[in-house]
Amino acid sequence: MSGDFALLQRFDPAGLRETARGWRRLAAAAEDADGRHRHRVNGPLRGHWQGKDADSAFHTMESTEQKLEIVRVEAESVALVLDTVADRMDQARTNLSNALQRADEWNLPVTDDGAVGLPPQAAPDRHDPDAREERHNQVQLRDQVQDRINAALAAAREASDQGARALGRLSADVLTQPRVFGAAGESAKDVRDVAEDLGLAAPYIPENKDPAQSAQWWKSLTPEQQQSYIALHPEEIGRLDGLPSTVRDQANRIVLEQQLDALKAGDAKGSGMTADEYNQRETNLRVLKEKLDQRDGADEQHQLLLLGLDAEGDGKAVVSTGNPDAATHTAVLVPGTGTTMKEVPGQIDRIDRLQDSAEGAAAPGETVAVVSWLGYDAPEVSASVMTPGRAEDGAEDMRRFTSGLRVSEGDHRSHLTVIGHSYGTTAVGAAAAGGQGLQADDIVAIASPGMTTDNAAQLHIDPDHVWAGTADDDNIRLAADLTLGWDPTNGNFGGQTLKIDTSGHSGYWDPHSESLANQGKIIAGRTPSTIDNHRGDSDAVNHVVPGL
């Protein structure tokens, strides 16, 4: 005890805190090196290098990037441990100092080993009733001070032991142990285990309800705190609408890497998934990562940003080509029936075509970002496709996302277009009709079975900026005017009808088509080609066509 007492008296937290800052500098350096490697080495090479040598080299480069990411996460964890121990030890030292001050005020001697004594008592006082009462009070004060000293020493020892246990988890073994997969997944587990070792409650992170509140909280943090949150709590940060898109991309890429690595290192047993489900989830994440990696070498306006990720169930993902926070024009594409994370690569191809088309229609110097928003549970090809339930379930999430885009763009206001395809138009309609709408400048319904409303004026937008188009041979026409609302291509709906020259249910993004060009014009704030939509009242068709 005597050694602990003397050490705690002399404790200075400055050393631990400076060491923690050093670890954070290492984390920042690893993050910077990872970004440079992705955008200047790995990404550019993927654009033109192919073959066995290329495959081997890319595998090595991906391993390097993963190690840099692991260093970032582990270094931030070490810094958290050191800062936590420093704070707790400093508090224990302060408590000890306060106890010693009380001892001095009450004339209680304290030995070099922290034992509290009583002041000397003269022999006559031992028989004086008043003196005996005073002595009794002194004994109580001594016990009180001793308890405070003992508590301070116990708190210091506990902090030291917890710190040692937590740091023991954060060894370099995570990088040096021979393994093919699992290191990134282990780093995510280390973060959770360290928090448990230290007895840390979950830090305050806003619930994803108010993008403006989330943005205000984020701006209140120092850059060092922001980087710590990204590294140590990527799932929570990645899903917060209202935060900068580049921040969400950083966080969600960490989540993607960690979850994919954990899946590669494990198996379906004990996961709650069948083998097929497990393998499909791993494939979904792997293909998404490959798609993102392929674009790391693109210029800033055409890089992919991962704005949302949820691998559970059918999976959800939100991916943007270009940065919506800085773009002159932003579009959000909402897919329809049967779309799961498995289809995300195809959705990325569609937003690429939309971006190209809009860039061609935009004025010189204007930039375009297009987002694929699979942020709701799109219905399967079943009876659910003829009810608005899935659309209504995802409506608040869509409104919060577009509100978050408005918040994250700050004083710069992008021209915002929301495009729905198939049942995605139903989801867009439900979201736009509720609450304060989608804060969009234009809404486009492609191949719509209905938007849950009877009139474009119900979508919180000027009806002249509601556009709809359906191919002549698209069987979705048979489902319009039934259970999901009026056909928005009909003049009675109150919007405008686009000229469509493509065929079928999925041809609306065919290269060089007027269907694609019209969508691009709307995104760029230009006037598209339209047709006369005053056809009169549509006759209801009382049967369901699968594959909406």
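Positions are given from 1 along the sequence.
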When rounded to the nearest 0.5 Å, the distance separating OG of S408 from CG of L240 is 12.0 Å
What is the distance from atom CZ of R248 to atom CD1 of I237, rounded to the nearest 0.5 Å?
10.5 Å
Using a strict threshold of under 4.0 Å (side-chain N to carboxylate O), is an ion pair present between D397 and R400?
yes
Taking the side chain from S220 and the backbone from W217, do they hold a donor-acceptor pair closer than 3.5 Å?
yes
Take K342 and N284 through the test side-chain contact (heavy atoms from CB on, under 4.5 Å) and record every step on the way to the result.
CA-CA 5 Å; K342 183 179 179 181; N284 291 345; 3.7 Å; yes
So which atom in S214 and which in E207 form the shortest heavy-atom distance, rounded to 0.1 Å?
OG-O, 4.1 Å
With a 4.5 Å heavy-atom cut-off, do M89 and P13 have their side chains touching?
no
Here the salt bridge (charged side-chain N to carboxylate O under 4.0 Å, His left out) pairs for residues 81-96, sequence neighbours left out, are R17-D87, R17-D90, R24-D83, D90-R93
Should we say atom CD of E105 is surrounded by more than 12 heavy atoms from elsewhere, each under 6.0 Å from it?
yes
Tell me whether the count of non-hydrogen atoms from other residues, nucleotides or ligands lying under 6.0 Å of CG in D53 goes above 12.
no
More than 12 heavy atoms from other groups under 6.0 Å of NZ on K289
yes
Trace of the side chain to side chain donor-acceptor pair (under 3.5 Å) decision for R135 with Q138
CA-CA 5 Å; R135 195 64 167 179; Q138 289 175 340; 3.0 Å; yes
Does L100 reach the side chain of I149, with side-chain heavy atoms less than 4.5 Å apart?
yes
Measure the spacing between OG1 of T222 and CD of E224 and express it to the nearest 0.5 Å.
4.5 Å
Measure the spacing between CG of N95 and CG of L153 and express it to the nearest 0.5 Å.
10.5 Å
Side chains of Q66 and E257, donor plus acceptor under 3.5 Å
yes
Find the distance between CD (Q347) and CE (M341) and round it off to the nearest 0.5 Å.
12.5 Å
S372 side chain vs L333 backbone, donor-acceptor pair below 3.5 Å
no
Is the ring pair Y376/W373 parallel, tilted or perpendicular, if the boundaries are 30 and 60 degrees?
parallel
salt_bridge(R40, E65) N-O dist < 4.0 Å:
no
Side-chain donor-acceptor pair under 3.5 Å between D276 and Q280, yes or no?
no
Pairing of D193 and K189 as salt bridge, 4.0 angstrom limit:
yes
So, N279 side chain and A275 main chain: donor-acceptor pair closer than 3.5 Å or not?
yes
Which heavy atom in R295 sits nearest to a heavy atom in Q303, and how many Å separate them?
O-CG, 3.6 Å
Check whether any side-chain heavy atom of E343 sits under 4.5 Å from a side-chain heavy atom of R350, and report yes or no.
no
Donor on one side chain, acceptor on other, E74 and S187, under 3.5 Å
no
More than 12 heavy atoms of other residues, nucleotides or ligands under 6.0 Å from CD of Q216: yes or no?
no
Hey, could you give me each pair passing salt bridge (charged side-chain N to carboxylate O under 4.0 Å, His left out) that has a residue in residues 304-315? Not counting sequence neighbours.
R281-E312
For a 4.5 angstrom cut-off between non-hydrogen side-chain atoms, does L260 reach R286?
yes
Grab the two heavy atoms, one from W218 and one from P244, that are nearest each other, plus how far apart they are.
CD1-CD, 3.9 Å
Does the side chain of Q355 come under 3.5 Å of the side chain of T321 through a donor N or O and an acceptor N or O?
yes
Side-chain (Y278) to main-chain (K269) donor-acceptor, under 3.5 angstrom
no
Could you please spell out the steps behind the side-chain contact (heavy atoms from CB on, under 4.5 Å) verdict for N323 and D249?
CA-CA 10 Å; N323 186 347; D249 177 63; over 6 Å; no
Q140 atom CD: more than 12 heavy-atom contacts under 6.0 Å:
yes
Just how far is it from atom CH2 of W23 to atom CG of L80, taken to the nearest 0.5 Å?
13.5 Å
Just by modelled atom types, is the D241 backbone N or O under 3.5 Å from a matching donor or acceptor in the N208 side chain?
yes
Can a donor-acceptor pair be found, under 3.5 Å and without considering hydrogens, that links the side chain of S320 to the backbone of V371?
no
Would you please test D293 and E290 for side-chain contact (heavy atoms from CB on, under 4.5 Å) and show each step?
CA-CA 5 Å; D293 289 346; E290 290 174 353; 5.5 Å; no
Report the residue from L232, D34, L26, I230 that forms a side chain to side chain contact (heavy atoms under 4.5 Å, CB included) with R72.
I230
Return the set of residues passing salt bridge (charged side-chain N to carboxylate O under 4.0 Å, His left out) with R46 (not counting sequence neighbours), or none when no residue passes.
E62
Working for side-chain contact (heavy atoms from CB on, under 4.5 Å), residues V344 and K291
CA-CA 9 Å; V344 167; K291 199 77 173 178; over 6 Å; no
Does any non-hydrogen side-chain atom of V319 lie less than 4.5 Å from one of L288?
yes
Using every non-hydrogen atom in the two residues, find where N252 and G238 come nearest and quote the distance to one decimal.
ND2-O, 3.1 Å
Using a 6.0 Å cut-off, check whether atom CD of E300 has over 12 heavy atoms from anything other than its own residue.
no
Which atom names give the shortest non-hydrogen contact between M273 and E277, and what distance separates them?
CA-OE1, 3.4 Å
Q226 versus V247: any side-chain heavy-atom pair under 4.5 Å?
no
Taking S414 for its side chain and L416 for its backbone only, find out whether a donor-acceptor pair lies under 3.5 Å.
no
Sub-3.5 Å donor-acceptor pair from the side chain of T19 to the main-chain atoms of G15, do we have one?
yes
Is the side chain of R406 donor-acceptor paired with the backbone N or O of Q439 at a distance under 3.5 Å, no angle test?
yes
Whether over 12 other heavy atoms sit under 6.0 Å from Q9 CD
yes
Taking every heavy atom of A103 against every heavy atom of V110, the minimum-distance pair comes out as CB-CG2, 3.8 Å
For the side chain of Q213 and the backbone of P206, is there at least one donor-acceptor N/O pair under 3.5 Å apart?
no
So do V332 and L438 actually touch side chain to side chain, heavy atoms under 4.5 Å?
no
Validation row: V81, L170 side chains within 4.5 angstrom (heavy atoms)
yes
